[in-house]
J.: 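Below: one structure in structure tokens.
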Amino acid sequence: MPALVLVGAQWGDEGKGKATDQLGGSVDYVVKFNGGNNAGHTVVIGDDTYALHLLPSGILSAGCTPVIGNGVVVDLSVLFEEIDALEARGVSCAKLLVSADAHLIASYNRTLDRVAERFLGKRRIGTTGRGIGPTYADKMNRIGIRVQDVFDEGILRQKVEAALDMKNQVLVKVYNRKAVTADEVVCELLSYVERLRPMVADTGLVLSQALDRGETVLLEGGQATLLDVDHGTYPFVTSSSATSGGACTGSGVPPNRVDKVLAVLKAYTTRVGEGPFPTELTGADGERLRTAGDEYGTTTGRPRRCGWYDAVIARYAARVNGVTDFVLTKLDVLTGWEKIPVCVAYDIRGQRFDEMPMTQTDFHHATPVYDYLDGWTEDITGARTLGDLPKAAQVYVRTLEQMSGAPFSSIGVGPDREQTLELRPLL
Ligand code: IMP
């Protein structure tokens with residue numbers, strides 16, 4: 001079995017953690033290919049809830065090797081905090097591999113992320129403040145620090161000094177902050193060397209050899225399609241490639257080894273941070289969805305903005321990622337509405353758009369064209385087949401599927417691993 005890609009179809013928090021965790025039991029490797037500890041996966045197994053930020057959700061599946069790919073930015077303090085917290089609960093992280101090419105989030109980039117947001121004021125992105133953007137900017141500027149650098153103190157010091165030459169000017173002169181010394185940065189990074197050493201590998205090679213042996217590799221995206229730096233709602237995006245193309249560059253697995261692209265899609269829409277969101281509900285209806293879906297950020301605790309399902313976005317995600325299967329999540333959250341609006345197109349200054357408009361200005365002016373589907377009141381959390389759902393819920397699912405550009409293969413009706421209707425096998 002070749003590689004599979006799993007991405008978010010909307011603005012993140014679609015429930016990828018649960019999907020990866022479900023697949024994790026039957027795959028040999030789960031690879032995180034982009035992002036860093038800006039992500040937040042909540043995985044519920046029986047009575048236990050695990051909130052993961054940096055580690056791939058595959059860490060919870062015995063038998064599966066979790067991999068942090070070259071496309072990820074790693075905050076070493078967070079990495080070891082997460083490992084310690086999981087091991088304290090009896091979850092072994094012994095198999096974790098970290099790419100030698102992944103970039104490290106240095107303390108000055110955490111500082112810069114936060115002060116830059118404050119500086120932007122009304123124009124802020126609403127980042128998670130974890131240093132993600134500045135670290136990817138350093139990577140592209142070729143002044144980044146990589147995992148492999150911590151094993152050569154001389155090189156590490158040279159690279160940190162080179163980065164600080166520029167960073168300190170910005171910190172002091174633009175943001176009025178204290179300069180950072182190379183010593184403090186080098187010291188912090190070196191303090192992790194011994195724990196890090198056994199995990200570090202040429203992960204591209206490891207994955208290639210695994211695929212040659214016929215093993216299954218799942219490439220898991222952080223964030224989601226509309227947060228992708230190229231294909232998302234720029235500039236209100238994250239700084240990495242969260243779509244299926246990023247799965248290849250962020251892992252070293254080439255496109256011709258990818259067999260399936262799974263995308264996780266919530267039965268309604270949420271986003272955190274700033275930026276346009278055509279189906280957003282700002283009043284009591286939004287609050288009702290937020291409460292029913294417990295829509296608060298796993299990483300920052302921020303309340304998520306909530307709105308109705310947007311089929312234009314789903315079609316866009318299907319196209320940009322080459323989706324072969326959608327995994328629909330949180331259908332149960334919609335129980336109890338008499339009518340459920342579904343956005344089928346946009347109205348932009350009197351003109352109908354069935355596809356995402358080309359420009360940001362148009363997207364800002366998009367108002368949803370809704371179809372109103374019948375709701376249901378029955379508790380659906382015990383359903384295990386499509387036939388167990390009330391008729392109106394079945395129609396809701398099938399109508400969404402027809403509009404969204406790829407088949408729905410799995411439907412979530414609750415947070416637990418078991419609360420899933422499998423319409424066709426994902427693997
Ligand atoms: P950054 O990734 O911290 O730079 O934040 C950029 C944007 O991406 C902000 O709007 C964040 O709220 C959003 N974002 C980053 N990671 C996630 C995620 O895992 N889920 C949802 N939104 C995210």
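In listed order, ligands and their atoms are each counted from 1.
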J.: Quick check on Gln223 - does any of its heavy atoms sit under 4.0 Å from an atom of ligand 1?
T.: yes
J.: Is Asp113 paired with Arg130 through a side-chain N to carboxylate O contact shorter than 4.0 Å?
T.: no
J.: Looking at ligand 1, does any of its N/O atoms fall within less than 3.5 Å of an N/O of Thr128?
T.: yes
J.: Aromatic rings Trp11 and Phe363: how do their planes relate, parallel, tilted or perpendicular, breaks at 30° and 60°?
T.: tilted
J.: Among the heavy atoms of Ala39, does any lie under 4.0 Å from an atom of ligand 1?
T.: yes
J.: Identify the protein heavy atom lying closest to atom 21 (C) of ligand 1, giving its residue, its atom name and the separation to 0.1 Å.
T.: Asp13 OD2, 3.1 Å
J.: With a cutoff of 4.0 Å, is Gly126 in contact with ligand 1, counting heavy atoms of the residue only?
T.: yes
J.: If you count heavy atoms of other groups shown closer than 6.0 angstrom to OH of Tyr234, is the number above 12?
T.: no
J.: With a 4.0 Å heavy-atom cut-off (strictly under), which part of Arg302 contacts ligand 1: side chain, backbone, both or neither?
T.: side chain
J.: To the closest 0.5 Å, what do you measure between NE2 (His103) and CD1 (Ile143)?
T.: 11.0 Å
J.: Which one holds for Leu227 and ligand 1: side chain close, backbone close, both close, or neither close, with close meaning a heavy atom under 4.0 Å?
T.: side chain
J.: Just heavy atoms, cut-off under 4.0 Å: does Trp11 contact ligand 1 by side chain, backbone, both, or neither?
T.: backbone
J.: Return the closest protein heavy atom for atom 18 (C) of ligand 1 as residue, atom name and distance.
T.: Asn38 O, 3.8 Å
J.: Is a salt bridge present between Glu14 and Lys266, judged by a nitrogen-to-oxygen distance below 4.0 Å?
T.: no
J.: Under 3.5 Å between some N or O of ligand 1 and some N or O of Thr238?
T.: yes
J.: Do Arg288 and Trp337 meet the cation-pi criteria used here (NZ or CZ under 6.0 Å from the six-membered ring centre, within 45° of the axis)?
T.: yes
J.: Test the Arg89-Tyr50 pair against the cation-pi criterion, namely NZ or CZ under 6.0 angstrom from the six-membered ring centroid and within 45° of the ring axis.
T.: yes
J.: Working note: Glu295 + Arg290, criterion salt bridge (charged side-chain N to carboxylate O under 4.0 Å, His left out); need CA distance, chi angles, decisive distance, verdict.
T.: CA-CA 5 Å; Glu295 296 293 355; Arg290 187 174 307 116; over 6 Å; no
J.: Could you identify the single nearest non-hydrogen protein atom to atom 5 (O) of ligand 1 and state the distance to 0.1 Å?
T.: Thr127 CA, 3.3 Å
J.: So, are Lys18 and Asp416 salt-bridged, with charged N and O less than 4.0 Å apart?
T.: no
J.: Quick check on contacts: which atoms of ligand 1 are under 4.0 angstrom from a heavy atom of Ile125?
T.: 10 (O)
J.: To the nearest 0.1 Å, how far is atom 10 (O) of ligand 1 from its closest protein heavy atom, and which atom is that?
T.: Val272 O, 3.3 Å
J.: Below 4.0 angstrom, N of the basic side chain to O of the carboxylate: do Arg315 and Asp310 qualify?
T.: no
J.: Which residue owns the protein heavy atom closest to atom 7 (C) of ligand 1, what's the atom, and how far is it?
T.: Val237 O, 3.7 Å
J.: For Asp113, which part has a heavy atom under 4.0 Å from ligand 1: side chain, backbone, both, or neither?
T.: neither
